[in-house]
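First up is the structure itself, then whatever we jot down about it.
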Amino acid sequence: MNKKIVLIDGHSILNRAFYGVPDLTNSEGLHTNAIYGFINILFKILDEEKPDYLTVAFDVNQPTFRHEMFTEYKGTRKSMPHELREQVPVIKEVLKTMGVCIMERPGFEADDVLGTLAKKCEEQGISVSLVSGDRDLLQLASDTIKIRMPKTKRGVTEIEDYNTKDVIEKYQVTPSQIIDLKGLMGDASDNIPGVPGIGEKTATKIITAYSTVENAIEHMDEIMPKKAKESFMANIDLALLSKKLATIKTDCELEFSLEEAELGDLFNQDVFIYFKKLEFKNLLNRFQDNIDHHNSMEDSFKIVESLDEAELVFQEIEKNNKFVGLQYIIEEDDILGLSIAASEGQVYYIGIVGFIHLDYLKSKVDNIISKNIMVATIDLKNQLPYLTADEDSKIFDLSVAAYLLNPSKDTYYYDDIARDYLSITVPSRNDFLGKDKLIKAKEEKSEAFHNFCCYHSYVAYCAYQPVSDELKNTDMLSLFLEIEMPLIYSLYDMEVRGIEVDKEALKEYGDKLGTRIVQLETEIYDIVGEKFNINSPKQLGVILFEKLKLPFGKKTKTGYSTSADILEKLRSEDPVVGMVLEYRQLTKLKSTYADGLANYIKEDKRIHGKFNQTVAATGRISSTEPNLQNIPIRMELGREIRKVFIPKEGYIFLDADYSQIELRVLAHMSGDERLIAAYKEEQDIHRITASQVFHTPLAEVTSAQRSNAKAVNFGIVYGISSFGLGQDLNITRKEAESYINKYFETYPRVKQFLDELVASGKENGYVTTFFCRRRPVPELSSSNFMQRSFGERIAMNSPIQGTAADIIKIAMIRVNRKLKNLKLKSRLILQIHDELLVETHKEEVEQVKNILKEEMYKAADLSVPLEVEVNEGTSWYNAK
DNA sequence: GGTTTCACG
DNA sequence: ACGTACGTGAAACCA
């Protein structure tokens with residue numbers, strides 16, 4: 001059996017990986033996408049090839065080009081972005097840690113090193129796989145030297161292989177003729193000039209006919225077409241030089257011994273630690289040690305099958321424990337069991353089965369809580385239906401804590417927490433169960449299911465201390481204990497209460513829309529002269545911009561943009577445009593709201609939406625299933641739907657909202673005296689802004705000035721950009737810029753404050769709210785203008801939006817608590833970012849009004865008053 | 001599953 | 001030259 005070597009073109013693969021893998025950073029802010037991609041390609045190749053030897057070649061100086069002389073005057077090559085540059089030393093370290101042979105030879109190009117090694121190995125009868133993204137290397141292909149080129153297609157890496165015959169098949173020339181081809185056609189990416197006017201087609205024709213550049217020169221008169229001949233004739237030297245530049249040396253004097261390249265165990269402990277630092281979680285599964293670690297953990301997981309055993313477990317815990325990890329295993333509305341960790345080595349799964357009933361478990365768990373044994377768990381809100389607990393209970397929700405520590409993540413499952421705070425990789429739900437339902441897994445009594453359950457309490461138990469420490473280190477412990485933990489109960493309460501919806505009225509509303517939609521549909525088809533799907537942006541684009549030849553404003557990556565702001569400008573062009581706009585509006589209302597909401601109405605006539613605490617990166621809460629935070633209000637027709645949201649018998653709605661809370665937060669945080677003064681006057685802030693920015697007496701401010709000032713105020717909060725403001729106001733970037741400048745002249749401390757936010761974001765890697773909530777902003781260090789600008793806007797907006805979110809969370813908790821403590825019948829049922837909706841008993845209206853005003857007003861002590869407006873009504877529609 | 005559009009603060 | 005306002009979620013279309 002022949003020995004086999006894999007040779008890797010280090011920089012080429014790193015480059016491929018960098019541009020092929022989406023941006024990744026670890027929590028230290030180090031970019032890792034290229035390293036990750038490189039390692040993946042490496043592992044894939046090694047899995048396939050199982051070689052005896054491995055060597056990775058790098059150029060010594062970075063960035064280094066094959067032919068420095070041409071880069072100077074052509075200057076086509078951009079310098080390496082720092083996101084990639086910082087990964088170069090790291091990948092080398094990783095490879096060294098793995099014991100991989102790295103060839104870096106001063107004075108030699110990596111290509112030449114690869115070429116030489118490939119030939120040397122071939123001579124010794126070793127088969128060679130050379131991995132590179134660079135087509136230049138194809139010249140080295142032979143029957144024993146296989147060139148492997150990774151390609152990323154739709155995110156999947158596929159590898160194209162080239163031996164001699166594959167090169168001929170694809171390029172119609174032999175590998176050694178690749179250099180002749182390049183001599184003629186050049187290679188822009190490698191700064192090989194080639195002959196001007198000769199491209200791939202002509203070059204291939206010439207070389208297949210005459211084999212080499214030199215021979216083609218001999219037969220110059222026969223060269224066709226004429227154009228090519230003329231250019232070739234005038235550039236003979238350039239062609240020969242280009243060929244020389246394209247030629248990879250195979251005879252470098254290199255010190256190289258095969259032993260060095262011998263492949264050992266890549267998966268050692270140091271590499272494991274390195275991968276953990278880089279946060280390559282799914283690569284860790286490859287490490288036997290890690291697998292062993294799993295197995296040893298899983299060995300200590302115990303399945304409790306009888307009531308006696310369970311009783312023993314709980315007795316021990318009540319006697320000995322001050323702290324447990326605990327998790328009810330729940331799927332949708334089914335509760336399957338309980339997992340509880342009394343220590344790292346005492347982890348139990350207690351299924352609801354046989355004589356172990358839910359009521360039994362509940363009494364035991366509630367007992368633990370009532371005895372003030374600290375409970376660490378993952379996603380408390382989800383388990384509250386089965387727990388007797390309140391704000392005073394000693395419970396620590398690790399999902400919410402992990403969200404505070406990094407609010408930008410998608411999920412905060414047990415495996416995420418284990419990876420981030422315990423630095424261990426535990427199998428995920430998907431690893432254990434795939435797409436299976438838990439209930440099915442439970443019935444099968446699979447080991448996987450039991451392990452899945454036990455890991456929850458195990459991770460909760462182990463992660464409590466490190467996570468709690470981390471909250472302390474980041475000054476977020478009081479935010480966590482005083483705001484986020486109590487908030488869980490407020491959100492849960494709102495979910496349980498829900499909001500009543502008049503089903504019949506909703507149906508009527510939907511029918512009304514339906515009738516009009518059908519009318520519009522036929523009218524539109526009539527005018528246009530054909531049927532098409534109006535809701536398909538693609539088909540609509542064809543109709544409007546090709547058939548009707550309306551001027552298209554902008555294009556999306558898939559075609560014409562048909563968004564409302566574009567169509568709005570085309571209203572006067574054709575009557576069909578207005579009808580399309582109305583059609584869009586109506587179908588939106590019908591599908592999302594009329595029909596959409598109807599699906600969520602439960603037996604009790606109420607909709608019980610979910611409020612998510614770990615979704616928004618700024619600290620806001622979000623609402624799903626259905627989203628009750630985006631019920632229409634701006635347009636009258638949409639607003640009508642609020643008439644179907646009604647209080648229950650004997651109650652009315654009180655709706656309280658903060659007036660411009662974000663601008664008030666800005667006034668406070670920036671300390672701008674003029675802005676603060678403006679708010680203290682309790683006047684129309686947009687009018688005051690207009691008056692000050694446009695140097696106009698307050699009474700003379702025009703409505704246009706006011707609305708411009710309003711847009712600027714919004715823009716400031718969003719992290720102003722002249723482009724964005726310009727787009728919003730439909731004015732030029734320049735005009736928008738002058739508005740912004742005037743604004744900053746008027747409120748200089750605002751400007752200073754925003755600049756400081758960006759600066760501190762750059763320095764620390766994160767920005768913070770008034771209550772110390774953090775948001776990392778890795779985009780700030782991007783070398784990409786777009787990304788960086790985005791980071792700057794995040795840095796300006798998040799502290800403002802986040803502080804406002806903190807404030808209303810405080811208000812919610814206090815209002816909810818007070819209504820309960822005073823034993824009132826009225827209940828908080830919705831939060832819409834700056835608004836609270838309370839279903840208020842008719843006899844409590846005045847009292848609740850005062851509670852809302854007072855608690856919302858006092859939620860934060862700022863240098864400007866927090867104005868609160870309260871309205872009452874018999875539906876959500878007329879409570880605003 | 002990704003893209004587009006649009007509802008809200 | 002680049003090509004966006006900040007934060008969400010849902011529905012429909014289309015490959």
Side-chain angles (χ1 to χ4, degrees), chain A residues 78 154-155 407-408 532-541 554-567 580-581 583-597 599-600 609-612 615-635 637-639 641-642 657-658 660-662 666 711-712 714-729 733 736 740 767 775 777 779 782-802 804-805 808 830-835 880:
Chain A
K78 281 186 220 121
R154 281 179 260 112
S408 311
F532 68 102
N533 188 342
I534 308 167
N535 273 327
S536 160
K538 198 179 160 191
Q539 293 180 38
L540 180 63
K554 63 178 176 194
K555 289 198 154 192
T556 63
K557 55 181 133 182
T558 48
Y560 308 101
S561 171
T562 65
S563 60
D565 59 320
I566 299 280
L567 295 192
V580 168
L581 280 165
Y583 178 87
R584 276 257 182 85
Q585 199 191 0
L586 296 178
T587 51
K588 174 89 177 183
L589 290 174
K590 181 153 165 54
S591 67
T592 305
Y593 299 103
D595 301 346
L597 289 173
N599 294 325
Y600 290 100
K610 287 185 172 163
F611 291 96
N612 313 300
V615 172
T618 50
R620 277 189 173 180
I621 59 176
S622 94
S623 162
T624 51
E625 298 173 65
N627 184 351
L628 293 170
Q629 291 180 323
N630 73 345
I631 303 301
I633 188 167
R634 293 175 191 168
M635 306 289 288
L637 182 66
R639 192 177 194 151
I641 202 169
R642 292 183 173 228
D657 72 304
Y658 280 117
Q660 289 139 0
I661 186 167
E662 293 186 344
L666 174 67
V712 176
F714 268 98
I716 295 290
V717 170
Y718 290 160
I720 197 87
S721 81
S722 51
F723 190 95
L725 181 65
Q727 189 143 65
D728 188 53
L729 285 179
R733 217 199 75 253
I740 295 168
V767 290
R775 173 168 184 188
V777 197
E779 294 89 348
S782 172
S783 63
N784 177 297
F785 173 82
M786 268 267 295
Q787 289 245 321
R788 197 172 54 250
S789 305
F790 181 50
E792 287 166 2
R793 294 194 295 272
I794 292 173
M796 293 187 267
N797 170 267
S798 288
I800 302 172
Q801 190 183 119
I808 192 140
L830 288 184
Q831 186 255 41
I832 310 100
H833 308 307
D834 63 352
E835 170 189 351
K880 280 234 78 172

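Letters A, B, ... are given to chains in the order of the sequence lines, protein chains preceding strands, and every chain is numbered from 1.
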Inset, instruction - Return yes if some donor-acceptor pair links the side-chain N/O of A/Q629 with the main-chain N/O of A/Q831 below 3.5 Å, else return no. - result: yes

Inset, instruction - For nucleotides C/dG3 and B/dT3, find the distance between their P atoms and express it as a whole number of Å. - result: 16 Å

Legend entry - Closest nucleotide among B/dT4, B/dG9, C/dG9 to the A/N612 side chain: C/dG9

Inset, instruction - May I ask you to say what A/G719 touches in the nucleic acid, namely base, sugar-phosphate or nothing, with a heavy-atom cut-off under 4.0 Å? - result: nothing

Legend entry - Candidate nucleotides C/dT8, C/dC2, B/dG9, ranked by approach to the side chain of A/A616 - the nearest: C/dT8

Legend entry - Short side-chain N/O contact to C/dG7 OP1/OP2 from A/R793, under 4.0 Å: no

Inset, instruction - Report which part of the nucleic acid A/A564 touches: base, sugar-phosphate, or nothing (heavy-atom distance under 4.0 Å, all strands). - result: sugar-phosphate

Legend entry - Short side-chain N/O contact to C/dA10 OP1/OP2 from A/K588, under 4.0 Å: no

Legend entry - Over 12 non-hydrogen atoms of neighbours within 6.0 angstrom of NZ in A/K610: no

Inset, instruction - Measure the distance from CD on A/Q787 to P on C/dC6 and round it to the nearest whole Å. - result: 12 Å

Inset, instruction - Check the side chains of A/D565 and A/S563 for a donor-acceptor pair under 3.5 angstrom, ignoring hydrogens and angles. - result: yes

Legend entry - A/T624 side chain, from C-beta outward: closest of B/dC8, C/dA5, C/dA10: C/dA10

Legend entry - Short side-chain N/O contact from A/N533 to OP1 or OP2 of C/dC13, under 4.0 Å: yes

Inset, instruction - Let me know the distance between CD1 of A/I641 and P of B/dC8, rounded to the nearest Å. - result: 11 Å

Inset, instruction - Check whether any side-chain N or O of A/Q539 sits under 4.0 Å from OP1 or OP2 of C/dC14, and answer yes or no. - result: yes

Inset, instruction - Return the value, rounded to whole Å, for the distance between atom CD of A/Q629 and atom P of B/dA7. - result: 17 Å

Legend entry - Phosphate OP1/OP2 of B/dC6: any A/R584 side-chain N/O under 4.0 Å: yes

Inset, instruction - Determine the contact category for A/I631: base if any of its heavy atoms lies under 4.0 Å from a base atom, sugar-phosphate if only primed atoms, P, OP1 or OP2 are that close, otherwise nothing. - result: sugar-phosphate

Legend entry - G-U wobble or Watson-Crick pairing nucleotide for B/dG1 (cut-off 3.5 Å, both distances): C/dC14

Inset, instruction - Under 4.0 Å between any heavy atoms, over every strand shown, what does A/E835 touch: base, sugar-phosphate, or nothing? Just pick one. - result: nothing

Legend entry - Side-chain N,O (A/S798) to OP1/OP2 (C/dC6) below 4.0 Å: no

Inset, instruction - Consider the side chain of A/T562, meaning its heavy atoms from C-beta on, and name the nucleotide among B/dT5, C/dA11, B/dT4 that approaches it most closely. - result: B/dT5

Inset, instruction - For A/Y593 and C/dG9, give me the distance from atom OH to atom P, rounded to whole Å. - result: 13 Å

Inset, instruction - Could you tell me whether A/I800 contacts a base, only the sugar-phosphate backbone, or nothing, with contacts defined as non-hydrogen atoms closer than 4.0 Å? - result: nothing

Inset, instruction - Assess whether side chain to side chain contact (heavy atoms under 4.5 Å, CB included) is satisfied between A/K588 and A/R584, documenting all intermediate values. - result: CA-CA 6 Å; A/K588 174 89 177 183; A/R584 276 257 182 85; over 6 Å; no

Inset, instruction - State whether the side chain of A/R642 and the backbone N or O of A/I631 hold a donor-acceptor pair below 3.5 Å, judged by distance alone. - result: yes

Inset, instruction - Would you mind classifying the nucleic acid contact of A/A617 as base, sugar-phosphate or nothing, using non-hydrogen atoms under 4.0 angstrom? - result: sugar-phosphate

Legend entry - Distance in angstrom units between A/Y718 OH and C/dC6 P, rounded: 10 Å

Legend entry - A/S721 (side chain) and C/dT4 (base): donor-acceptor pair under 3.5 Å: yes

Inset, instruction - Go through the N and O atoms of the side chain of A/R634 and the base of B/dG9, and report whether any donor-acceptor pair is under 3.5 Å. - result: yes

Inset, instruction - For A/V580 and A/L567, run side chain to side chain contact (heavy atoms under 4.5 Å, CB included): C-alpha distance rounded to whole Å, both residues' side-chain angles, the deciding distance at 0.1 Å, then the answer. - result: CA-CA 9 Å; A/V580 168; A/L567 295 192; 3.9 Å; yes

Legend entry - Distance below 4.0 Å between A/R639 side-chain N/O and B/dC8 OP1 or OP2: no

Inset, instruction - Using only side-chain N and O atoms of A/S789, determine if any of them is under 4.0 Å from OP1 or OP2 of C/dT4. - result: no

Inset, instruction - Remember a base hit wins even if backbone is also touched, and classify A/D728 as base, sugar-phosphate or nothing at under 4.0 Å, heavy atoms. - result: base

Inset, instruction - Begin from the C-alpha positions of A/N535 and A/Y583 and carry the test side chain to side chain contact (heavy atoms under 4.5 Å, CB included) through to its verdict. - result: CA-CA 9 Å; A/N535 273 327; A/Y583 178 87; 3.8 Å; yes

Legend entry - Nearest-angstrom distance from the residue atom CD of A/Q585 to C1' of C/dA12: 17 Å

Inset, instruction - Just name whichever nucleotide pairs with C/dC2, Watson-Crick or G-U, keeping both distances under 3.5 Å, else none. - result: none

Legend entry - Distance in angstrom units between A/Q831 CD and C/dG7 P, rounded: 17 Å

Inset, instruction - Scan A/S561 against the nucleic acid and name what it touches under 4.0 Å (heavy atoms): base, sugar-phosphate only, or nothing. - result: sugar-phosphate

Inset, instruction - Pick the P atom in B/dT4 and in C/dA5, then give their distance to the nearest Å. - result: 13 Å

Inset, instruction - Remember a base hit wins even if backbone is also touched, and classify A/A736 as base, sugar-phosphate or nothing at under 4.0 Å, heavy atoms. - result: nothing

Inset, instruction - Measure the distance between the ring centre of A/F790 and the centre of the six-membered base ring of C/dT4, then answer whether it is under 5.5 Å with planes under 30°. - result: no

Inset, instruction - Using a cut-off of strictly less than 4.0 Å, decide whether A/K538 has a side-chain nitrogen or oxygen near OP1 or OP2 of B/dT3. - result: no

Legend entry - Value in whole Å for how far the P atom of C/dA12 lies from CG of A/L540: 17 Å

Inset, instruction - Mind checking A/R788 for me? I need base, sugar-phosphate or nothing, with any heavy atom below 4.0 Å counting as a touch. - result: nothing

Inset, instruction - Please say whether more than 12 non-hydrogen atoms of neighbouring residues, nucleotides or ligands are located less than 6.0 Å from CZ in A/F714. - result: no

Inset, instruction - Check whether any side-chain nitrogen or oxygen of A/S622 sits under 4.0 Å from OP1 or OP2 of C/dG9, and answer yes or no. - result: yes

Legend entry - Phosphate OP1/OP2 of C/dG7 contacted by A/R620 side-chain N/O (<4.0 Å): no

Inset, instruction - Could you please name the option among C/dG9, C/dC14, C/dA5 that lies closest to any side-chain atom of A/L725? - result: C/dA5

Inset, instruction - Kindly check if the number of other-residue, nucleotide or ligand heavy atoms within 6.0 Å of CZ (A/R788) is above 12? - result: yes

Legend entry - Phosphate contact (C/dC14 OP1 or OP2) by A/T558 side-chain N/O below 4.0 Å: no

Inset, instruction - For A/I794, report the nucleic acid contact type (base, sugar-phosphate, nothing); a contact means any heavy atom under 4.0 Å. - result: sugar-phosphate

